[in-house]
Each structure stands twice: as C-alpha cells, then as structure tokens.
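So the structure is just underneath, and the comments pick up after that.
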Amino acid sequence: MDAAPRATTRWIEALALWVSIPLFLGAWQIASTAGLVNELLFPPPTKVAVALWHELMNGTLLLDLGMSVTRVVIGFASGAAVAIMVGLLTGRYQVISNLLAPIFQLLRPIPPIAFVPIVILWFGLSEWGKWFLVFWGVFFTVWVATHLGVQRADPALIRAARSLGTPDRLLIRDVILPSALPTIFVGLRTAVSISFYTLVAAELAGAFAGLAYRIDLAHQNMQTGQMLGGLVMLGIVSAAADRGFAALSRRFVWWI
Amino acid sequence: MGQLLTIRAPGETPPAHKAARGQITIDGLVVAFGDKDARRTAVDQISLDVAAGEFLCVLGPSGCGKSTLLNTVAGFLAPRAGKVAIDGIAVRGPGADRGMVFQQPTLFPWKTVLGNIAYGPRVAGRGRTEAYRIAHDMMAMVGLSAFADYYPQSLSGGMQQRVGIARALANSPNVLLMDEPFGSLDAQTRTMMQEALLGIWEELHTTVLFVTHDIEEAIFLADRVVIMSAAPGRIIDEIHVTLPRPRDADVVYAPEFVRLKRHCAGLIRMESLRAFQQQNVAARDA
C-alpha cells in the first residue's frame with residue numbers, strides 16, 4: 001500500500017463510517033416491510049421509532065431512562081469506590097489479602113444474576129435490591145483490577161519515592177494509586193457493561209419502572225415495537241456510558 | 001549559580017560548615033541474603049570512610065556487591081553486621097538526606113519534569129511556589145529549563161537521567177548516591193553526562209558515592225577509586241586520582257590517566273576471571 005492513501009480512498013473510508021448505521025436500519029426496514037419476516041414479531045425501525053415517540057410523549061420513556069440510569073450510577077459508584085479501597089488494601093498488605101482474597105475468589109465466579117431470587121427475599125422489590133445487584137456485579141471486577149494494579153506497581157518507583165523522603169502514609173496516594181490507575185480504569189470500563197447486565201436482570205425480576213421493566217411489560221402486551229424500542233434505548237445508553245468512560249479514562253490516565 | 005547552595009529562607013543563617021557535612025562512615029559492613037542454608041554474602045567486612053565533599057567511585061566486576069553496598073548506604077538494605085553512618089548518625093532507612101540516582105531514571109510517568117523535580121521538596125513540606133522555584137533552579141543546572149512541562153516518556157534516556165539527577169539534588173542532600181547511572185546510555189551521551197555531572201559537583205561539592213564497572217568513568221570522575229573483589233565483595237585496592245580539575249574529555253590521554261587505567265584494568269581482569277572460575281566450579285558441583 002502507498003504510504004499516503006489517495007484522496008478518493010480516504011473519501012470512501014469516511015463514507016463507510018457515515019453509512020454504517022443507516023445501512024443497518026435500511027436493511028432492517030426492507031427485511032421487515034418486504035415480508036421476509038413476520039412484521040408483527042419483527043417491526044421495522046419506523047414502527048419502533050413511533051413507539052418510542054409515544055413513550056417520550058406520555059413521559060414513560062424519560063421516567064424509565066431516569067430510573068435505570070440512577071440505579072446503574074448508584075450501584076456502579078458505590079461498588080467501584082468500595083472495590084478500589086479494598087483493592088488498595090489487599091494489593092498492599094499481604095495479611096489483608098490472605099484474609100479476604102479466598103472469600104472473594106469464591107464469590108466472584110457466581111454470576112450476579114444467580115443472586116436475583118435471594119435478593120428479592122432480602123430487599124423485596126425496593127431500589128436497595130437493584131443497587132445491591134449492580135454493586136455486586138461491579139465490585140469483583142474492579143477489585144481484581146485494583147488488586148493486580150497495586151501488585152504490579154513498579155518497585156523501582158516505590159524505592160525512588162522512598163529515597164525522596166516519601167513517608168509510608170503517603171506512598172499509596174503518591175505512587176501506588178497512580179501506578180495502578182491504568183489497570184483500575186480497564187476494570188472500571190469492563191464494570192460499566194457488567195452493571196448494565198445486572199441492571200437488566202434486576203429489573204426483569206420485578207420493578208415499577210425502568211428500561212428493562214418496560215421491555216418485560218411490553219412483552220406481556222405483545223407490543224413488539226415497544227420491546228425493540230426498549231432494546232434500542234438500552235443499546236444507546238450503554239454505548240454512551242462506555243464512550244463517556246473511555247473519554248474519562250483519557251483524562252484520568254493522561255500519561256499513557 | 002552560588003544561590004543553588006542556599007536553598008533556605010533569606011536571613012536564615014547558613015548551616016555551619018556546609019562543606020563539612022555529608023561524611024559517610026562504613027565500618028565492618030557485612031550484607032548477606034538468604035538464610036543459613038542458602039546464605040550468600042554480597043558484601044564482606046567492608047570499612048570505608050568518605051570525606052565530606054569527596055567524589056568517590058566504587059569500581060568492581062559485575063555481581064561484586066557494589067550496588068548492594070550502595071543500597072545499604074541508601075537504607076534499602078539492612079546490614080548483617082557492621083554499621084553505616086552519615087555524619088555520625090546511623091542509617092536506619094531511606095531518607096531525603098541521601099539523594100539517590102538509579103540505573104534507570106525511575107521518574108514518575110504521571111508527573112511532568114517540573115513535577116518530578118519538585119516532588120521531593122513538596123513531600124518535605126515546602127509550599128508549591130518554593131518547590132517550583134527550587135525545581136526551576138535544578139532544571140537550569142542540568143540544562144532542561146525548556147522541558148519543564150514535558151512528560152518523562154517524551155524525553156531521551158540521557159535527558160531522563162538528568163531529570164533523575166535534578167530530582168535527587170532538589171532535596172539538597174548532603175550525600176548523592178549513584179548506581180551506574182549512565183550504564184544504559186550510549187557512549188557519546190555517557191561522556192557528556194559525565195562532564196555535566198562534574199560541572200554540577202564542582203558547583204555544589206556534595207559528597208558523591210558513585211558505583212560503576214566502567215574503569216574510565218571511575219578515573220575520570222573520582223577523587224578516589226576503591227576497587228572491589230568478585231563476590232563476596234571486599235575492598236582490594238584504593239587509588240587516589242590526582243589529575244587536576246576541572247577535567248575535560250581529553251584527560252583520558254594524560255599519561256597519569258593511562259597509568260591508573262592500566263593498574264585498575266589488571267585488577268578488574270583478575271577479579272573477573274576469578275568470578276568466572278567460581279561460577280564454573282559452582283556449575284560443575286551443581
């Protein structure tokens with residue numbers, strides 16, 4: 001290939017990016033309206049858009065969106081904050097690691113969704129149950145990332161800091177946390193998608209509002225347009241969260 | 001550049017006999033690794049006094065324990081026997097009174113050049129403005145003023161190591177410990193760095209304990225060179241370098257330089273051979 005692609009090549013590459021989603025929507029529209037599939041079960045994007053528009057107008061869309069996003073934000077923030085603190089301790093102090101790591105390694109592989117029934121018994125259909133499930137899903141991923149990040153902190157940097165006079169109490173803040181930050185952010189970004197998985201499980205199990213709850217309700221009423229609309233919204237929200245998080249990582253881990 | 005010596009509040013009386021501080025006393029030092037069965041003595045009965053303001057090089061074949069000696073003075077390793085003291089005060093752990101320059105620059109990648117150099121003064125409790133002023137002085141001294149806002153990753157190896165030296169000196173230590181700091185640089189950069197280091201030292205007259213396996217480097221820099229044996233490390237010889245200062249790169253052609261170099265090379269060669277044979281014996285026995 002040429003070192004510098006020709007102008008037309010670049011133009012076609014740019015075009016491909018812009019037509020990507022319209023192409024997908026177009027193919028979906030044709031498949032659905034041309035009778036290739038049952039339109040009732042697989043409505044075209046136009047009908048999905050109409051269904052979403054109705055929900056926007058009667059206020060349920062924003063309510064659902066608000067409820068779901070709030071659950072993710074509360075569960076994620078608390079799970080991540082606790083996981084980072086615990087991870088700094090287990091990564092730094094062998095005795096704490098020996099005490100906690102076996103427990104965590106036992107609980108970590110259990111899919112958070114498996115906790116839904118017992119969580120309903122514990123918390124009923126309250127918000128606490130949803131927060132707990134998201135917290136649970138986020139905690140282990142972020143804990144593992146923090147723990148590894150701390151353990152991989154360059155010993156040479158720690159020695160350098162100590163020879164510059166860093167007291168032990170500042171070592172975590174000044175050297176170990178920044179060293180582990182790139183790894184922590186990888187964990188946090190993975191946890192963003194996990195928090196949406198667990199959100200869906202929590203809402204399907206019983207809620208009074210929320211994007212996944214609306215999908216479940218529409219299912220019972222055979223409103224396929226609303227069901228697909230709910231899926232589209234979930235896709236948009238979690239993709240936006242992921243992108244936002246990538247941008248955030250670049251701000252917080254500016255030196256990589 | 002005389003003000004570099006006086007990093008303190010105006011009006012404060014200068015510490016009495018600044019030049020008389022930074023004296024290193026090493027007495028009967030033994031450093032060993034491992035327990036009874038797998039015990040390996042790295043430093044064996046070393047006694048050494050470094051005068052305040054002296055530039056001393058420790059020269060030895062690789063694996064002779066010279067870095068171990070330095071790390072013990074730095075406070076990273078505890079002696080099995082004997083003692084290390086700075087100005088009569090026993091070393092108990094790492095501290096800002098002994099600036100350390102490592103083989104690798106080990107700069108904080110999340111801090112700029114300015115941030116890296118100002119870190120020591122900040123941790124010592126100085127205000128941001130004062131720490132930055134000290135850092136700017138240090139950057140001027142190592143010739144990196146234009147790179148204050150650069151991150152270490154974007155600098156060359158030689159520049160990174162200069163930041164490392166500036167960072168260690170920003171704490172105005174009485175002793176500067178250097179562990180083969182130019183070992184990973186290319187030959188041209190290394191020569192330039194050696195000259196730059198001598199320039200800085202002639203300004204500050206900080207005591208320097210410099211570890212190297214490079215004979216020319218040791219003679220070029222030092223007032224005194226001590227030569228260590230292959231493991232376990234003992235001092236087998238000591239030479240006084242009387243070449244006039246300031247020295248420039250041409251000093252390596254002076255007859256006195258060549259004589260000292262030949263003397264050191266003979267000793268180092270013998271020790272390297274001995275180490276090689278020891279390894280062979282160990283390999284055969286294993």
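In what follows, every chain begins at residue 1, and chains take the letters A, B, ... in the order their sequences are listed. Everything numeric in this text was worked out from a predicted model, so none of it was measured.
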(message) Surrounding CZ of A/F123 (heavy atoms of other residues, nucleotides or ligands, distance under 6.0 Å), is the total greater than 12?
(response) yes

(request) Step through the shown structure and confirm whether more than 12 heavy atoms of other residues, nucleotides or ligands are within 6.0 Å of CD1 on A/I21. (result) no

(request) With a 4.5 angstrom heavy-atom cut-off, could you sort out which part of A/D174 is near chain B: side chain, backbone, both or neither? (result) both

(message) So for A/V253, is it side chain, backbone, both, or neither that comes closer than 4.5 Å to the heavy atoms of chain B?
(response) neither

(request) May I ask you to check if A/R159 and B/F76 form a cation-pi contact, with NZ or CZ under 6.0 angstrom from the six-membered ring centre and within 45° of the axis? (result) yes

(message) Given heavy-atom pairs under 4.5 angstrom as the criterion, report whether the side chain, backbone, both or neither of B/N71 touches chain A.
(response) side chain

(request) Please look at B/R122 and chain A and tell me whether the side chain, the backbone, both or neither of the residue comes under 4.5 angstrom of a heavy atom of that chain. (result) neither

(message) Quick check on the interface: out of B/G95, B/A168, B/G75, who has the most heavy-atom pairs with chain A under 4.5 Å?
(response) B/G95

(message) Would B/R162 pass as a cation-pi partner of B/F147, given that its NZ or CZ must be under 6.0 Å from the six-membered ring centre and within 45 degrees of the axis?
(response) no

(request) Against chain A, label B/L107 side chain, backbone, both or neither, depending on which of its atoms sit under 4.5 Å from a heavy atom there. (result) backbone

(message) Please tell me whether A/F132 and A/W136 form a close aromatic pair, meaning their ring centres lie under 6.0 Å apart.
(response) yes

